[in-house]
Amino acid sequence: MLSDKTIIITGASSGIGAAAAKLFAANGASLVLAARRGELLETLTGEIRASGGRAAYLPGDVRNAGYAADLVDLAQSRFGGLDGAFNNAGVVGEMGPVPAMTEETWNEAIEVNLTSAFHAAKAQIPALQARGGGAIVFTSSFVGHTVGLPGMAAYAAAKAGLIGLTQVLAAEHGAENIRVNALLPGGTHTPMAGDDEAFHDFVKGLHALKRMAKPEEIARAAMFLLSDHASFVTGSAMLADGGNSISKV
């Protein structure tokens, strides 16, 4: 499904990103894996290579514009070019009402979840142009799009901003055969979700399917958007939310 494609995955050290790395590699992609935790990236890269896959990794901070450029350089030097990117890195950040929120809390959520996407697109799009086209997927959220969850203003604003960025990039670069989409997962069993079973039960109840997603389920949706099977899909905010957006009971 991704045979002969080179793809960057950010936030690849755990959760949805790690699941995507394993899935994409099994489906033929060459991968450049990015996250802050280098030891986890090294382990994941080793697992992929041991299974016959192709992967390289580079630890760093997605808030750094130079890091975004370095990831593209690695894709080009190691695998000959870039065909796509799953810009998945993100943080929930400190939660709380806006009047009590610090500027630092706000800035962290915006920088990690939204400004990093600007840096990524700025570095990745020229590489895709040089390749004759490609695809970018940003991990957004139902939070800030179909639901406003109390205490999550900074996260919601950043994730909603990703959808606006997605739409403009898709309009600007569609004629160059570059597709840009946002993926909106529902509640997913990842380290970010913690291990509080009572909280998990609450989150399950928000979904029509009455369960949380496995990371592999979200990874499959991302793989579709990056693959040629989604050749006429661009500028979309694709929900993979288990019916969260339409469930009221």
Side-chain angles (χ1 to χ4, degrees), residues 1-12 16-35 41 44-45 48 53-58 60 62 67-90 116-140 162-163 165-185 215-216 218-238 240:
M1 198 168 182
L2 297 176
S3 181
D4 299 323
K5 294 185 183 297
T6 297
I7 296 174
I8 292 170
I9 303 176
T10 68
I16 293 169
K22 294 174 184 177
L23 180 67
F24 294 4
N27 280 270
S30 299
L31 302 176
V32 171
L33 305 179
L41 290 179
L44 177 59
T45 299
I48 289 171
R54 298 177 300 278
Y57 72 96
L58 182 67
V62 293
Y67 181 50
D70 288 344
L71 292 170
V72 171
D73 289 344
L74 180 56
Q76 292 174 322
S77 63
R78 185 68 61 88
F79 301 117
L82 182 69
D83 301 290
F86 183 26
N87 296 305
N88 169 70
S116 68
F118 163 74
H119 293 320
K122 192 172 178 66
Q124 292 161 7
I125 286 173
L128 298 180
Q129 290 170 328
R131 198 75 151 173
I136 294 174
V137 175
F138 296 110
T139 299
S140 181
L162 276 177
I163 295 173
L165 177 64
T166 292
Q167 292 172 341
V168 172
L169 291 173
E172 288 180 342
H173 299 285
E176 299 165 349
N177 194 34
I178 296 173
R179 297 182 300 102
V180 186
N181 292 286
L183 177 61
L184 283 59
E216 294 77 13
I218 308 304
R220 285 197 290 270
M223 183 169 69
F224 164 73
L225 290 173
L226 287 164
S227 76
D228 293 339
H229 290 287
S231 58
F232 205 61
V233 181
T234 196
S236 73
M238 190 178 100

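All residue numbers refer to positions in the sequence shown, counting from 1.
- For the pair Leu225/Phe86, no side-chain contact is recorded, criterion being any heavy-atom separation below 4.5 Å from C-beta on.
- Considering CZ of Phe79 and CD1 of Ile8, their distance stands at 11.0 Å, rounded to 0.5 Å.
- Closest of all the heavy-atom pairs between Ser140 and Leu162 is CA-CD1, 4.1 Å.
- Counting only distance, with no hydrogens or angles, the side chain of Arg179 and the backbone of Val233 share a donor-acceptor pair below 3.5 Å.
- Thr234 contributes no side-chain N or O that, together with a main-chain N or O of Ala170, makes up a donor-acceptor pair within less than 3.5 Å.
- Between Thr10 and Tyr67 there is no side-chain heavy-atom pair separated by less than 4.5 Å.
- In this structure, CG in Leu2 is found 8.5 Å from NE2 in His229, a value given to the nearest 0.5 Å.
- For the residue pair Ile48 and Ala55, the shortest heavy atom distance occurs at CG2-CB, 3.9 Å.
- One distance of note links CZ of Arg220 with CG of Leu23; it measures 7.5 Å at 0.5 Å rounding.
- Side-chain atoms of Ile125 and Ile136, non-hydrogen and from C-beta on, do get closer than 4.5 Å to each other.
- Summarising the geometry of Ala89 relative to Gly11, their closest heavy-atom pair is CB-N, 3.7 Å, with the distance given to 0.1 Å.
- Tyr57 places none of its side-chain heavy atoms less than 4.5 Å from the side chain of Leu74.
- When side chains are defined from C-beta on, Leu33 counts as touching Leu44, because their heavy atoms get closer than 4.5 Å.
- Ser116 is linked by a side-chain contact (heavy atoms from CB on, under 4.5 Å) to Val62, counting only residues two or more places apart in sequence or in another chain.
- The stretch residues 17-33 participates, sequence neighbours left out, in these side-chain hydrogen bond (donor to acceptor under 3.5 Å, both in side chains) pairs: Ser30-Arg54.
- Taking Ser236 as the reference, Asn181 meet the side chain to side chain donor-acceptor pair (under 3.5 Å) condition, with sequence neighbours excluded.
- Across all their heavy atoms, Ala219 and Phe24 have their closest contact at O-CE1, 3.7 Å.
- The shortest heavy-atom contact between Ala240 and Leu183 is CB-CD1, 4.0 Å.
- With sequence neighbours left out, the salt bridge (Lys or Arg N to Asp or Glu O under 4.0 Å) criterion links Asp4 to no other residue.
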For residues 126-133, which side-chain N or O atoms pair as donor and acceptor with protein atoms under 3.5 Å away, sequence neighbours left out?
residue, atom, partner, partner atom, Å
Gln129, NE2, Glu176, OE1, 3.0
Gln129, NE2, Glu176, OE2, 3.4
Arg131, NE, Asp83, OD1, 2.9
Arg131, NH1, Gly80, O, 3.0
Arg131, NH2, Asp83, OD2, 3.3

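- One distance of note links CG of Leu41 with OG1 of Thr45; it measures 6.0 Å at 0.5 Å rounding.
- Of all the heavy atoms in Thr166 and Val180, the pair that sits closest is CG2-O, 3.5 Å.
- Rounded to the nearest 0.5 Å, atoms CG (Leu82) and NZ (Lys5) are 11.0 Å apart.
- To the nearest 0.5 Å, the span separating CE on Met223 from CD1 on Ile7 amounts to 9.5 Å.
- Residues satisfying the side chain to side chain donor-acceptor pair (under 3.5 Å) test with Arg78, not counting sequence neighbours, are none.
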